[in-house]
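The next block holds one structure in the form of structure tokens; read it before the comments.
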Amino acid sequence: MTRRAPVRLWLLVGLLISVTLGLLQLARQGFFEVGLAQGQALDRSVRVFRDPAGTMDITGAARAQVAGRFLVPSEHDLVFGYTRDVVWTTVLLQNDGTEPVERYLEVGPPRLTDVRVFVEEGDGRFRELRGGLQVPVHQRLIPVRQTVFSLLLPARSSMRVYVRLVSGNAMAVDLRLWDPERFVEATRQVDLLNGLQFGALLLFALYAFVTSVAVRERPYFYFGLTLLSYAVYDITILQYGYQYLWTNSAAWSLRGPGVMLAVAAFSLGQLITGMLDSRTHLPVWDRWLRGFSMLALATVPGLLFGDYPAWVQGLNWLALAQLFLTISATLQAVFNGQRGAALLLGAFLLLWFTSLLRVGQILGLLPRDILAEYSQGWSMVVGGLLMAMTQADRARRLDEDREAVQERAD
């Protein structure tokens, strides 16, 4: 490696940071919308009250609303990040038609722990509906992974609705009103999109595990474990697992995403050190990557049994730091002329950007949108393809080296 290579390396790292910040600014301003069907967003008409003590009941909430204590939220999509506060929202729904209409009220994201909807029925009385992780999917009136409530709006009338929210995870509230038929259609579209994503990740993981057994190469195993961990992470955080697999385990539905992210960070560190042969070619990076990898794995007991919000916030920053180290090490491998490093760099740059989007959303730094919901999973699909190409090239080179050794021996 020439003397000028480290300078070029850190210039590119600086460029990476600058471009990432620019893209994040564009994301904050809403430039990355996609054309999936969505319900009527209520964020412009909703009002919010935060109850840090968590002692307010619906009677107190109604009085606070009349007194004007419910405020317009400062964030466009009601993104609060990690908070232990109870959050109350209220919205006035109207039906100007001459016939009663049924509407679905969706309260997102699906990982909220406790969701309670109070519908004003007159004479100071409220009807209470419950959802969130505390209610198994098969016990809900609308048995889907999302938290959805059916409301009947009388003709030519208005209905005030209060929503009480508690989350053991990051809170990013998204209230949407749906026509029932449109909701069913949109849910099928999203389920198909997610199914394709999960299928691609699981297919790549299966390919890696089978190849690992066939060629007895450890990086293939970690490749498969990384993709499998990200697939289970998405299945868990989007609550497909709670709907179809662990149907009575709300605790795992809450803690599972953090645990799978920790496993993915561990396996990613082991994967990159193996694929770049960093112990031989990049000894300094090797120690850092292996250290961060083991540190991520060490968070699993805390994520399973400890204060989950505190542990998972630390893990989010740890995973981003590890990904930055991974990109830096791969950049140096590119400058060193290691074959296959360029493809790896493309995979990790994509994952870096989408991970920043996701963490920015979770921490309340960026608004919640469709891109942030789906970009990380699809970046793993594309990244998995690039890594699979790198692995295939590596296997071919190993075969060529063995053949060359055999020819010299003959």
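As the structure is a prediction and not an experimental result, all values here were calculated from the model.
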Working for side chain to side chain contact (heavy atoms under 4.5 Å, CB included), residues Asn169 and Tyr82 = CA-CA 6 Å; Asn169 204 323; Tyr82 287 93; 3.6 Å; yes

Evaluate the salt bridge (charged side-chain N to carboxylate O under 4.0 Å, His left out) criterion for residues Arg176 and Asp174: first the C-alpha distance (whole Å), next the side-chain angles of each, then the deciding distance (0.1 Å), finally the verdict.
-> CA-CA 6 Å; Arg176 294 182 181 273; Asp174 183 14; 2.7 Å; yes

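Applying the side chain to side chain contact (heavy atoms under 4.5 Å, CB included) rule to Arg255 yields the partners Tyr308; only residues at least two apart in sequence or on another chain are considered. Shown here are the salt bridge (charged side-chain N to carboxylate O under 4.0 Å, His left out) partners of Arg140, two or more places apart in sequence or in another chain: there are none. By the side chain to side chain donor-acceptor pair (under 3.5 Å) test, Arg287 is found to be paired with no residue, residues two or more places apart in sequence or in another chain being considered. Judged as a side chain to side chain donor-acceptor pair (under 3.5 Å), and not counting sequence neighbours, Ser229 has no contacts. Every residue meeting the side chain to side chain contact (heavy atoms under 4.5 Å, CB included) condition with Leu92, not counting sequence neighbours, appears here in chain and number order: Ser158, Arg160. For Arg125, there are no side chain to side chain donor-acceptor pair (under 3.5 Å) partners, not counting sequence neighbours. Under the side chain to side chain donor-acceptor pair (under 3.5 Å) criterion, Asn248 pairs with no residue at all, not counting sequence neighbours. Annotation: side chain to side chain contact (heavy atoms under 4.5 Å, CB included) contacts of Thr83 (sequence neighbours excluded): Arg50, Phe80, Asp85, Met171. Partners of Val166 according to the side chain to side chain contact (heavy atoms under 4.5 Å, CB included) rule, which considers only residues two or more places apart in sequence or in another chain, are Val86, Asp114, Arg164.
Note on residues 187-209: pairs passing salt bridge (Lys or Arg N to Asp or Glu O under 4.0 Å), not counting sequence neighbours, are Arg145-Asp191. Pairs passing the salt bridge (Lys or Arg N to Asp or Glu O under 4.0 Å) check and including a residue from residues 56-68, sequence neighbours excluded, do not occur. Listed by first and then second residue, the salt bridge (Lys or Arg N to Asp or Glu O under 4.0 Å) pairs involving residues 300-310 are Arg84-Asp307 (not counting sequence neighbours).
Ring centroids of Phe49 and Trp88 are separated by 6.0 Å or more, keeping the two rings apart.
Shown are Leu112, Leu133, Thr147, Val144; of these, the side chain to side chain contact (heavy atoms under 4.5 Å, CB included) with Gln239 is made only by Leu133.
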